[in-house]
Amino acid sequence: MKLFIGNYNYSSWSLRAWLTLKSCTNDFQVELIRLGHKTSKDTLLSSNPSGKVPCLVDQKLKIWDTLAICEYLNELFPDKFILPIEKNTRSFVRSCCAEMHSELRALRKECPMEINKPNQQKEISIRSINEFHRLDQMVDEYSSLQLERNLFDYFMTPFAVRARCFPGHINKNTKKYFEVLLNHPHFLEWEKNALLEKWVIEY
Ligand SMILES: N[C@@H](CCC(=O)N[C@@H](CS)C(=O)NCC(=O)O)C(=O)O
């Protein structure tokens with residue numbers, strides 16, 4: 001299998017797909033497509049029809065869009081429990097992941113994931129602050145379920161990086177939980193690559 005990803009520093013969607021795949025196997029290749037460069041679009045389009053990363057290639061099959069990739073991996077590796085086994089818990093995790101995937105737009109726009117730029121002193125809008133509070137709600141409910149690591153954690157990790165970039169807007173419980181995510185060996189491996197990356201995208 002091969003996973004096409006974008007820049008380690010910035011590609012939050014790639015990070016989610018990579019964490020999910022990494023939780024299943026080490027037997028995969030990664031091909032990085034540099035984003036924000038004049039040749040990026042052509043290279044992206046030659047790798048998959050959506051012209052975006054991530055994209056997973058499994059023999060002749062191409063799967064693009066993070067959620068589709070993760071659902072595919074959940075089917076391919078049923079023993080890895082990417083989604084919880086119990087129906088109601090699974091629905092909760094699916095709802096949260098869908099919300100993280102397609103909502104929380106202020107945070108996604110205003111507070112980009114920049115792994116190499118913690119502690120930015122930028123003032124952020126009330127909409128973004130409210131969305132940080134929405135993360136608190138999700139994390140509080142999730143923590144009370146005491147689940148094994150699953151898709152919720154993989155999807156939340158880019159928000160943990162955002163909270164590190166723009167500190168001071170999450171509650172104690174979320175802060176503690178985000179520290180766990182940011183110290184997980186798989187995230188540390190990704191972060192190591194990000195810190196070696198020289199390309200800069202200005203937001
Ligand atoms: N909903 C898509 C979004 C993918 C996406 O927007 N990827 C960005 C990088 S994080 C990208 O490929 N941007 C390049 C472009 O739009 O030209 C997914 O979850 O895979």
Side-chain angles (χ1 to χ4, degrees), residues 1-24 28-58 61-76 82-83 93-117 120 128 131 134-135 138 150-166 181-182 186-187 189-203:
M1 265 190 288
K2 187 191 263 190
L3 184 68
F4 287 86
I5 61 166
N7 304 29
Y8 285 99
N9 257 314
Y10 307 110
S11 186
S12 54
W13 273 298
S14 301
L15 170 59
R16 287 173 173 158
W18 184 87
L19 286 172
T20 309
L21 182 53
K22 187 79 182 167
S23 75
C24 300
F28 65 94
Q29 296 169 286
V30 166
E31 186 165 331
L32 188 147
I33 299 181
R34 181 180 170 185
L35 301 174
H37 186 255
K38 57 182 184 316
T39 60
S40 307
K41 204 68 209 174
D42 289 345
T43 320
L44 285 164
L45 280 167
S46 67
S47 75
N48 86 82
S50 77
K52 303 218 164 179
V53 282
C55 175
L56 181 70
V57 179
D58 190 6
L61 185 62
K62 282 184 182 176
I63 308 129
W64 62 92
D65 199 284
T66 319
L67 270 178
I69 293 170
C70 297
E71 290 284 353
Y72 176 75
L73 292 171
N74 186 47
E75 287 171 16
L76 200 63
I82 291 171
L83 287 167
V93 166
R94 272 208 172 105
S95 300
C96 292
C97 291
E99 184 174 344
M100 288 188 252
H101 180 78
S102 61
E103 296 299 328
L104 303 165
R105 288 160 209 247
L107 271 188
R108 290 199 275 130
K109 189 160 179 238
E110 203 184 342
C111 304
M113 182 185 94
E114 295 179 276
I115 290 183
N116 62 356
K117 270 176 117 181
Q120 298 179 33
S128 287
E131 290 183 359
R134 174 68 193 122
L135 295 180
M138 275 194 238
N150 65 60
L151 197 66
F152 184 99
D153 304 288
Y154 314 143
F155 268 56
M156 197 51 98
T157 300
F159 286 117
V161 179
R162 289 177 157 102
R164 184 172 75 176
C165 294
F166 306 96
L181 294 183
L182 296 179
H186 291 171
F187 176 74
E189 184 179 329
W190 178 279
E191 183 180 51
K192 197 168 153 203
N193 287 320
L195 297 178
L196 290 171
E197 211 166 58
K198 297 276 178 276
W199 306 314
V200 175
I201 299 179
E202 295 293 349
Y203 286 99

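Note that ligands are numbered from 1 as they come in the structure, with each ligand's atoms numbered from 1 the same way. The first residue of the sequence shown is numbered 1, and numbering continues consecutively from there.
When the side-chain contact (heavy atoms from CB on, under 4.5 Å) test is applied to C165, the partners found at least two apart in sequence or on another chain are E114, Q120, V161.
Between S12 and F155, every side-chain heavy-atom pair lies at or beyond the 4.5 Å cut-off. L19 places none of its side-chain heavy atoms less than 4.5 Å from the side chain of S23. Between L61 and V57 there is no side-chain heavy-atom pair separated by less than 4.5 Å. Counting heavy atoms from C-beta outward, R164 and L182 have side chains that approach closer than 4.5 Å.
The distance criterion of under 3.5 Å between nitrogen or oxygen atoms is not met by S11 with respect to ligand 1. Note: an N/O pair closer than 3.5 Å links V53 and ligand 1 by distance alone. Polar contact check, W13 against ligand 1: a nitrogen or oxygen pair lies under 3.5 Å apart.
With a 4.0 Å heavy-atom cut-off, ligand 1 is reached by no atom of L67. Counting heavy atoms closer than 4.0 Å to ligand 1, residue I69 contributes nothing at all.
Residue contact check: P54 has heavy atoms under 4.0 Å from atoms 20 (O) of ligand 1. Here is the list of ligand 1 atoms found below 4.0 Å of a heavy atom in L44: 14 (C), 17 (O). Below 4.0 Å from some heavy atom of K41 lie the following atoms of ligand 1, by number and element: 15 (C), 16 (O), 17 (O).
Across all non-hydrogen atoms, the minimal contact from I33 to S47 is CD1-OG, 3.7 Å.
Within the 4.0 Å heavy-atom shell around ligand 1 one does not find R16.
Using a 4.0 Å cut-off between charged nitrogen and carboxylate oxygen, E103 and R108 do not count as a salt-bridge pair. Contact check on R94 versus E71 returns a salt bridge, with a Lys/Arg side-chain nitrogen under 4.0 Å from an Asp/Glu carboxylate oxygen.
Comparing heavy-atom distances from atom 18 (C) of ligand 1 across T43, T66, I5 singles out T66 as nearest.
Ring geometry, W18 versus F28: the interplanar angle exceeds 60°, so the pair is classed perpendicular (tilted spans 30 to 60°).
For atom 1 (N) of ligand 1, the nearest non-hydrogen atom of the protein is D65 OD2, 3.1 Å. Scanning all protein heavy atoms for the shortest distance to atom 13 (N) of ligand 1 gives L35 CD2, 4.3 Å. Considering only non-hydrogen protein atoms, atom 16 (O) of ligand 1 sits nearest to K52 CE, 3.4 Å.
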